[in-house]
Each structure stands twice: as C-alpha cells, then as structure tokens.
Amino acid sequence: MIGPEESVTITAYPDGPLLVRGAAVIENSDGEPIPVSRRTVALCRCGLSTIKPFCDGTHKASGFRTDV
Ligand code: FES
C-alpha cells in the first residue's frame, strides 16, 4: 500500500494547468524521465505553453477556460 508520503496528487487548477504533487516521475514520449527540481509541478493542459509538458503561464493571456 502506498503511504501518504509516497502518493501523488493531481489537481485540475481552474482555467489552468494540472498540478502534480508528490514523487511523480514525468517522462517524455520516449519514456525518458524529464528532470524536475520541485515536488509540485504544473503540467500544461491548454496546449499553448512553450515549455511543454510544463505550464509557462500562457493560459492566462489566452483566456483558456475549463469546466473544472
Ligand atoms: S496550462 Fe498554463 S500554459 Fe497551458
């Protein structure tokens, strides 16, 4: 069983990215890990970020809207 300190939480931020909290491994399309320096990362879901898969804040200026 995974303990709370090992679990990963993904939160859909309203009108913005997916916030990933915990010890997640983010991989590129080849399955290679993408280095991350924080325990919380924001993954782009608007498709406009210049640093995909991470959010760079572009969603704000674009007027990206979500239902959740
Ligand atoms: S969700 Fe932030 S740039 Fe796409």
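Computation of the quantities below employed the complete heavy-atom set of this structure, encompassing side-chain atoms and omitting hydrogens, waters and symmetry-equivalent molecules. We count ligands from 1, going down the list as the structure has it; atoms in each ligand are counted the same way. What you see is a predicted model, and the numbers here were worked out from it, not measured in a lab.
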task = Measure the NE2-OG distance between His59 and Ser49 for me, rounded to the nearest 0.5 Å.
result = 10.0 Å
query = For Thr58, which residues count as a side chain to side chain donor-acceptor pair (under 3.5 Å) partner, sequence neighbours excluded?
reply = Asp56
note = Distance col, row Cys46:SG vs Arg65:CZ, nearest 0.5 angstrom, shows 11.5 Å
query = How many angstroms lie between CG in Leu19 and CG in Leu43, if you round to the nearest 0.5 Å?
reply = 8.5 Å
query = When rounded to the nearest 0.5 angstrom, what distance separates CZ in Phe64 from CG in Leu48?
reply = 8.5 Å
task = Give every protein N, O or S atom lying under 2.8 Å from atom 2 (Fe) of ligand 1, naming each by residue and atom.
result = Cys55 SG, His59 ND1
request  = Working to the nearest 0.5 Å, report the span between CZ of Arg45 and CG of Asp15.
outcome  = 8.0 Å
